[in-house]
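Every chain is numbered from 1, with letters handed out A, B, ... down the list of sequences. The model shown is predicted, which means the values in this text are computed figures rather than measured ones.
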Amino acid sequence: MERNPMGRQLAIMRQSLFDQGYLDEQFIQLEELQDDANPNFVEEVVTLYYRDSARLILNIEQALERKPFDFNKLDDYMHQFKGSSSSIGAKKVKAESTLFREYCKSGNGEGCTRTFQQLKKEYATLRKKLEAYFQMARQAGPMETACRPK
Amino acid sequence: MAPSENLAPAGRANTGNGGGAPNGVEKQQRCQFNEVVLRNRLTALLVDGNRFCRTIEQGLLRAYGVETLAVDNGRAAVELIASGVKFNLIVIDMLLPILNGLEATRQIRAMGVRCKMLGVTACSYEREREAFLAAGVDVFIEKPLSPEILVPILRELDGQ
């Protein structure tokens, strides 16, 4: 896979996403669904995730502006968001989602608010890192990202 | 590039990129999971209110050659089953619009449907697990649905 310096850089960047806890094994499962016929599958999936989950983020933000908190609704939104996030292997985002849901279950509004701020930070950070990764992957060329053909 | 909703790749899952796996042994195991050949035509119904999750799970099932139909709410799933359509596998989320996953599962089982049902959900609490199992799913899976969990089930359904 590492045929050139850029390929090596790409591999290092990719590994750091796992080492720093941004991604978990589910991301690798997505990569394994990528093939020659769909060489950009992972990037498309991630793009769809950010587009789709933006609506949930907005719903949660709006729900947190309404007092008193409707913890059941907040929990439902976060349940959906957690499901999506876990499907792309967004490890830190998923962890914050789990914590948020625990605060919903215990009716801790301050905990929900605080955790949601942290979740948005992780969500945005991951987005930036993945955008940079996919940009480098495009520059590195298709052989550096598509799975090996069978 | 506008992402399309039909992201399910054709054909079987291939081996992944080098690197990134926690260790070499796990990578080798993952490659083995990817070499799945189903002898029979298997069909699956996917019930998930989240469009993104439906896309991922359909992609995974189709990568293993499973013909998959997806609906986005519990009532649609119940009506589809009631119409006589049969599936080898039903993958159903707990939190669904219109009719939730627990009630949809109960109604599907009440119709005498005995196919394998996987309750796949973002929930991770024991009481939710117990409720879903009590409603009638055979297996409770915290999302994401992964090959490690899915492949043995597909092999079992395929009679391997």
Side-chain angles (χ1 to χ4, degrees), chain A residues 1-2 10-12 14-19 23-53 56 75-76 78-89 94 97-98 101-102 105 144-150, chain B residues 1-22 26-27 30-31 33-35 48-64 93-97 100 120-125 127-128 141-150:
Chain A
M1 173 177 148
E2 299 165 19
L10 184 67
I12 290 169
R14 181 180 173 278
Q15 186 63 43
S16 75
L17 292 171
F18 293 97
D19 293 344
L23 295 175
D24 63 28
E25 286 213 1
Q26 177 62 18
F27 189 82
I28 299 172
Q29 308 297 354
L30 290 184
E31 290 178 320
E32 293 183 350
L33 291 177
Q34 189 161 282
D35 59 16
D36 294 339
N38 297 275
N40 301 314
F41 176 70
V42 179
E43 184 175 358
E44 290 176 10
V45 161
V46 170
T47 303
L48 181 62
Y49 162 72
Y50 275 100
R51 191 175 71 179
D52 212 55
S53 59
L56 290 169
D75 189 53
D76 283 353
M78 191 54 75
H79 170 105
Q80 294 177 60
F81 182 79
K82 183 184 170 188
S84 297
S85 303
S86 67
S87 296
I88 69 155
K94 180 181 168 183
S97 302
T98 299
R101 295 195 69 210
E102 285 170 11
K105 297 287 185 202
E144 300 299 341
T145 52
C147 293
R148 300 185 199 93
K150 288 189 65 67
Chain B
M1 171 181 64
S4 88
E5 185 149 353
N6 183 18
L7 299 176
R12 287 161 36 194
N14 292 314
T15 55
N17 288 327
E26 289 190 40
K27 183 171 184 300
R30 192 171 302 113
C31 291
F33 279 125
N34 283 338
E35 292 171 5
D48 197 311
N50 182 309
R51 180 180 67 153
F52 178 76
C53 291
R54 284 200 305 276
T55 302
I56 297 295
E57 288 167 1
Q58 266 194 300
L60 183 62
L61 286 163
R62 286 175 176 171
Y64 289 113
D93 193 358
M94 180 178 279
L95 198 70
L96 295 169
N100 69 55
V120 181
T121 179
C123 294
S124 54
Y125 298 113
R127 62 177 177 275
E128 279 147 343
I141 299 165
E142 185 184 350
K143 281 182 179 175
L145 181 63
S146 69
E148 282 79 5
I149 294 168
L150 183 62

(request) With rounding to the nearest 0.5 Å, note down the distance linking OH in Tyr125(B) to CD in Glu102(A). (result) 4.5 Å
(message) Is the ring pair Phe81(A)/Tyr49(A) parallel, tilted or perpendicular, if the boundaries are 30 and 60 degrees?
(response) tilted
(request) Let me see the working for Asn40(A) and Glu44(A) under side chain to side chain donor-acceptor pair (under 3.5 Å), right down to the final yes or no. (result) CA-CA 6 Å; Asn40(A) 301 314; Glu44(A) 290 176 10; 4.8 Å; no
(message) Counting only non-hydrogen atoms closer than 4.5 Å, does Leu23(A) touch chain B with its backbone (N, CA, C, O), its side chain (CB onward), both, or neither?
(response) neither
(message) So, taking the atom named CD in Gln80(A) and the one named NZ in Lys143(B), what distance separates them when rounded to the nearest 0.5 Å?
(response) 8.5 Å
(message) For Ile141(B), give me all partners under side-chain contact (heavy atoms from CB on, under 4.5 Å), at least two apart in sequence or on another chain.
(response) Leu118(B), Val120(B), Val139(B), Leu145(B), Ile149(B)
(message) Which atoms of Gln26(A) are under 4.5 Å from chain B, going by heavy atoms: the side chain, the backbone, both sets, or neither?
(response) side chain
(request) Side chain from CB out, backbone as N, CA, C, O: work out which of these in Asp76(A) comes under 4.5 Å of a heavy atom of chain B, or both, or neither. (result) both
(message) Does any backbone or side-chain atom of Glu57(B) lie under 4.5 Å from a heavy atom of chain A? Answer side chain, backbone, both or neither.
(response) neither
(message) Under 4.5 Å from any heavy atom of chain A, what part of Asp93(B) do you find: side chain, backbone, both or neither?
(response) side chain
